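When reading the values below, keep in mind they use all heavy atoms of this one structure, side chains included, and skip hydrogens, waters and symmetry mates. Please read these numbers as outputs of a predicted model, since none were measured by experiment.
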Amino acid sequence: MDILAIAALCIVTAIIAKTIQPTSQDIAIVITVAGIAAVTFSIIGTISDVLYEVQSLAGISDIGGSYISIVFRVLGICYVCEISSSCCRDCGESALASVIDIAGRVAVSVICLPLIKSFIEAVESILELA
């Protein structure tokens, strides 16, 4: 993944869309969506490589699969919330964006409860040994 190429594509797409927007807003939206799709397809391969490496590292380090699952779910929630709240802010809906941010934080907190429980149990077992 070449971040400079992705950044350049996004900047060029934004400039073209903003230039065309006063005359044809529909075409500007199509250009923006096409740019988003191109970037998304370019990073899909990288994402699968990262997932493979993390899974292999988890296997080597003997970390439970449930912990890795929690990490991926939290990352997914973070990405979805960031993208959707940014879209709301771009549309001038900062209140909706704030609600999305709060909902994401609550969802992450709920998903992380098993990790917190495991951490507390580990601390309790260490304290019992002392």
Worksheet entry | CD1 on I43 to CD1 on I3, rounded to 0.5 Å |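 One gets 8.5 Å once the value is rounded to the nearest 0.5 Å.
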Worksheet item: Which distance, rounded to the nearest 0.5 Å, do you find between the OG of S42 and the CG of L9?
Response: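 The distance works out to 7.5 Å.
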Worksheet item: What residues form a side-chain hydrogen bond (donor to acceptor under 3.5 Å, both in side chains) with E82, not counting sequence neighbours?
Response: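 E82: side-chain hydrogen bond (donor to acceptor under 3.5 Å, both in side chains) contacts with S86.
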Single-linkage hydrophobic cluster, 4.5 Å side-chain cutoff, [X] and [Y] together:
X: I68; Y: I47; result: yes
X: F72; Y: L115; result: yes
X: I6; Y: I11; result: no
X: V106; Y: V108; result: no

Fill in: Non-neighbouring partners of C81 that pass side-chain contact (heavy atoms from CB on, under 4.5 Å), sequence neighbours left out
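Testing C81 for side-chain contact (heavy atoms from CB on, under 4.5 Å), a comparison that skips the adjacent residues, returns I77, I100.
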Discussion item. Holding to side-chain contact (heavy atoms from CB on, under 4.5 Å), I want the full list of residues that pass it with I116, two or more places apart in sequence or in another chain.
Written reply: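 Partners of I116 under the side-chain contact (heavy atoms from CB on, under 4.5 Å) test: L113, I120.
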Practice prompt. Please list, chain by chain and in numerical order, all residues satisfying salt bridge (charged side-chain N to carboxylate O under 4.0 Å, His left out) with R89, sequence neighbours excluded.
Written response: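 With sequence neighbours excluded, R89 shows a salt bridge (charged side-chain N to carboxylate O under 4.0 Å, His left out) to D101, given in chain and number order.
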List, one per line, each side-chain donor-acceptor pair under 3.5 Å for residues 15-22, sequence neighbours excluded.
unit_1	atom_1	unit_2	atom_2	d
K18	NZ	Q21	OE1	3.3
T19	OG1	I15	O	2.7

Distance-only donor-acceptor pairs under 3.5 Å for side chains of residues 24-41, two or more places apart:
unit_1	atom_1	unit_2	atom_2	d
T32	OG1	A28	O	2.9
T40	OG1	I36	O	2.7

Worksheet entry | Within 6.0 angstrom of Y79 OH, more than 12 heavy atoms from elsewhere |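 Result for OH/Y79: open.
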Practice prompt. Output every pair passing side chain to side chain donor-acceptor pair (under 3.5 Å) with a member in residues 102-123, not counting sequence neighbours, ordered by first then second residue.
Written response: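 Listed by first then second residue: Y67-S118.
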Worksheet item: Which residue pairs satisfy the salt bridge (Lys or Arg N to Asp or Glu O under 4.0 Å) criterion with at least one member in residues 41-57, sequence neighbours excluded?
Response: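 Checked against salt bridge (Lys or Arg N to Asp or Glu O under 4.0 Å) - neighbours excluded - no pair reaches residues 41-57.
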